[in-house]
Amino acid sequence: MADRREYVDALAQTAATVMLLSGGGNDMLGGGRFASFLLPYTAGSSADDLLNVPLFEVELRKATDAYRRILVEVRQRFPRVRVFGHAYDVPHPQGEGRWIGKPLTERGIPLDIGRSIVESVLDRFAGQLRALQGEFSNFRFVDLRGKVDRGRSSWFDELHPKNPGYGRAAQAFREAIAELASEGALEFATGAHAGAAVPMTRMAPGVALPGFEAAGRVIVLDPGHGGAPPPTKVGGSSWNNAIGPDGTLEKTLTLDVAGRAKAILESHGYQVFLTRTGDINLSLAQRAAVARTRSAAVFVSIHFNASTGHNAQGTETFVHTNHTETSRRLCLTVQRAMVAELGLHDRNAGHPGGIKEGAFGVINGSSHSATTAAVLHEVSFLDRADEERKLKTEAYRDRIARALARGIETYLGAGVESFALETASDEIGDAIELGAFEAGQSVPAYLGVAEAATSEWIGGHALPTETFVIGASSGDLARQIAESLARDLGPGADDVGNDVHEFAYVDPGPGFNVSDMGRSVEADTGVLTSLFAGVESAGFDMARYEAFIRGLGLSHFVPAEFLFLGNSNAPGARCSGKNALPPENLWGNIAKTARMLDEIRKRLGAPIRILSCYRNTAYNTCVGGEPNSLHMRFNAIDWHCDAGTVDRWHQVAREVRQSNPQFAGGIGRYPRQGFIHVDTRGANADWG
């Protein structure tokens, strides 16, 4: 980069004021350099012992000097330009990875120690960039460590994250650019370029250019409530208020709708933040602070309503009791859009100017920036059976999200005005609490329910295990798997040769039983959410995975079965939540083993249930697996058959291995535990 100086022409042609410089990764870890930094491993060596520091520092100096040359030239020729550079998050070495894993293996260095070496290298590189920020006023350092990595499944390979990881990196840059803009340190085209057509790069959804904040492009959506049922509120915020007759929780719906609206608004070029992205409860002040710290143009707190008679219906939007003109206009546009889309009763009608007021702490002006218009919106009444049925459908929740986005965009199209800060109580969280407050009652009493000592009963229903699908989480993964099973096992599916409902009349015992699945996506999602609780689904491409497994031509297994995380990973088990999904770069390893198991199933003529397939390092260690277990390479399967004996299963497994050279590998016999292990490592091995 420093030698070719292509950035000079690019800056001259575009008149850009921000330059993103992503350099140094290959200088530290690519081109065989990392291998040259490593010393041979001896027992007891630490990461610091294995880094050839003098040689490493030579390369680090070269990279730093290249940065310095670039920054000097940019400062001299383009004094308005600010350069943003970044440190790298720490990836996970992979056994045969050409950049990191292979050099480590060649020197006998265990991969966990090798990752510590990588971390040390990147720490020192980050230190140099941080020092450059002190040396050059036109340079801003963005530290991505801890932002990109969410475990091995976050990474496409040894150096490159999957899309969600890139998204987290992009967000860190957006925030750094916004911070610099708020400090007045960014200037925009003047002089020769003022008023001229400046070449622009097409922006991806959700990406905002510096200065968009001033144009009112930042939106904060607040999914009301969240978290577990504590005995008291969290800073004025209840964990949940409204609940449907069938047990649907308000807190889950608010997060789902907020996520959908966020996606719509980001696709239109807005920068959107959620106050929460998971099932947690934040105080009203913390929710407002998300908007205040970003000087957001819009803040909308999303809720669902309930009534004393459980028969009310309608939609309503509130402003604070001491509201301002901007909040009033936002109230009107959101309310009109929602009423027009949903066709519900307009509960704002009849109030002066169509505006409803409430002393809700989360929209208290004193907690927000002077440029923020803030409202609290109650979509509909969840405690009606007919409304709950509609809210369970994705199509209806999509309509709600589209209407909300439309109302916000209509407001922003009219411009944003500043307004004075107001003060109010922070103890009232939504319309239900407002009604209870005015009636002098607690929320359960107001809704016609006697308060229970354990807080486990609301609205006359024992709280169910929450299975509603929200956001990009284990719940989202569970739904994807449920939909996959519906395609494979549901009505109209091609069930020729598949083990459809084959465990329906036997005790499933340990393992993954898909026999009674495929009939109801919602019901299956509930079961699968528990099985896959805590597993990061971000970056896991279910469609690609399905296509890969289907391409193997299996007769008796569906793609979902090979994703089973193991019984010990389930909630409450001793290794709960430690396992992960198989990373895409390992998928190919399961191909031969899956085909071998399919042939075994054919010869046994009886159902086979997978007990363990992929294991990450943490889970493998927890369950006492071999340190170099092929489960960690996604090349081994432990299984149980519901007919016959372990000896019979073992005999058939050996016969299948003998029948095809591709099935050469290990076969383990575990008669006491009642299962067989197979893998296709390439050389035969037997034990047990």
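Below, each value reflects all heavy atoms present in this structure, side chains not excepted, and no hydrogens, waters or symmetry copies.
Other residues, nucleotides and ligands place no more than 12 heavy atoms under 6.0 Å from the CZ atom of F156. Other residues, nucleotides and ligands place no more than 12 heavy atoms under 6.0 Å from the CD atom of Q658. Applying the 6.0 Å contact sphere to CZ of R544 captures no more than 12 heavy atoms from other residues, nucleotides or ligands.
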*Might you work through the salt bridge (Lys or Arg N to Asp or Glu O under 4.0 Å) test for D686 and R657, ending with a clear yes or no?*
CA-CA 11 Å; D686 295 273; R657 182 178 65 183; 3.0 Å; yes
*Apply side chain to side chain contact (heavy atoms under 4.5 Å, CB included) to L552 and R595, showing your working.*
CA-CA 7 Å; L552 301 181; R595 290 190 178 111; 3.6 Å; yes
*asked:* salt bridge (Lys or Arg N to Asp or Glu O under 4.0 Å), that's the test. Do D89 and R168 meet it? Break it down for me.
replied: CA-CA 11 Å; D89 210 341; R168 292 189 285 269; over 6 Å; no
*Verify side chain to side chain contact (heavy atoms under 4.5 Å, CB included) between L391 and L253, making sure each step is shown before the conclusion.*
CA-CA 8 Å; L391 287 166; L253 285 172; 3.8 Å; yes
_Does S22 form a side chain to side chain contact (heavy atoms under 4.5 Å, CB included) with Y88? I'd like the steps, not just the answer._
CA-CA 9 Å; S22 178; Y88 297 79; 3.8 Å; yes
*Step by step, work out the salt bridge (Lys or Arg N to Asp or Glu O under 4.0 Å) result for R260 and D256.*
CA-CA 6 Å; R260 293 169 191 272; D256 180 274; 2.6 Å; yes
*Kindly indicate, with the supporting measurements, whether the criterion side chain to side chain contact (heavy atoms under 4.5 Å, CB included) is fulfilled by W649 and C641.*
CA-CA 7 Å; W649 310 338; C641 182; 3.4 Å; yes
_For D123 and R145: C-alpha separation, side-chain torsions, deciding distance, then whether salt bridge (Lys or Arg N to Asp or Glu O under 4.0 Å) applies._
CA-CA 9 Å; D123 278 348; R145 289 171 300 175; 2.3 Å; yes
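Between the side chains of S153 and R150, not a single donor N or O lies within less than 3.5 Å of an accepting N or O. Between the side chains of R276 and T254, at least one donor N or O lies within less than 3.5 Å of an accepting N or O. Donor-acceptor pairing under 3.5 Å is lacking for the side chains of D679 and H631. Counting only N and O atoms by type, the side chains of D49 and S46 include a donor and acceptor under 3.5 Å apart. In this model, no donor atom of one side chain and acceptor atom of the other lie less than 3.5 Å apart for R654 and Q651. Side chains of N585 and Q94: a donor-acceptor N/O pair is present below 3.5 angstrom, by distance only. Side chain to side chain, D157 and H160 meet the donor-acceptor criterion of an N or O pair below 3.5 Å.
Nearest heavy-atom pair, P91 versus L122, reported as atom, atom and distance to 0.1 Å: CD-CD1, 4.1 Å. Listed here is the closest heavy atom pair of I608 and E561: O-OE1, 4.4 Å. Residues Y614 and R152 share a closest heavy-atom pair of OH-CD, 4.0 Å. Closest approach of L221 to A261, counting heavy atoms only: CD1-CB, 3.8 Å. Pairing each heavy atom of A643 with each of A606, the nearest pair is CB-CB, 3.5 Å. In terms of heavy atoms, L586 sits closest to R633 at CD2-NH1, 3.4 Å.
Checked against the 6.0 Å centroid criterion, the rings of H677 and W639 do not qualify as a close aromatic pair. Aromatic pair W587/Y545: ring centres closer than 6.0 Å.
Legend: residues meeting side chain to side chain donor-acceptor pair (under 3.5 Å) with T680, ordered by chain and number and at least two apart, are T593, N635. For R399, the salt bridge (charged side-chain N to carboxylate O under 4.0 Å, His left out) criterion is met by E341, not counting sequence neighbours.
Looking at D638 and R615, a side-chain N of the basic residue comes within less than 4.0 Å of a carboxylate O on the acidic one, giving a salt bridge.
Taking CG from L630 and CZ from R681, the interatomic distance works out to 5.0 Å, rounded to the nearest 0.5 Å. The NZ atom of K162 sits 12.0 Å away from the CH2 atom of W155 when rounded to the nearest 0.5 Å.
Checking side-chain atoms of E158 against main-chain N and O of H92 turns up no donor-acceptor pair under 3.5 Å.
A perpendicular orientation is assigned to the rings of F56 and F37, their planes being inclined by more than 60° (bins at 30° and 60°).
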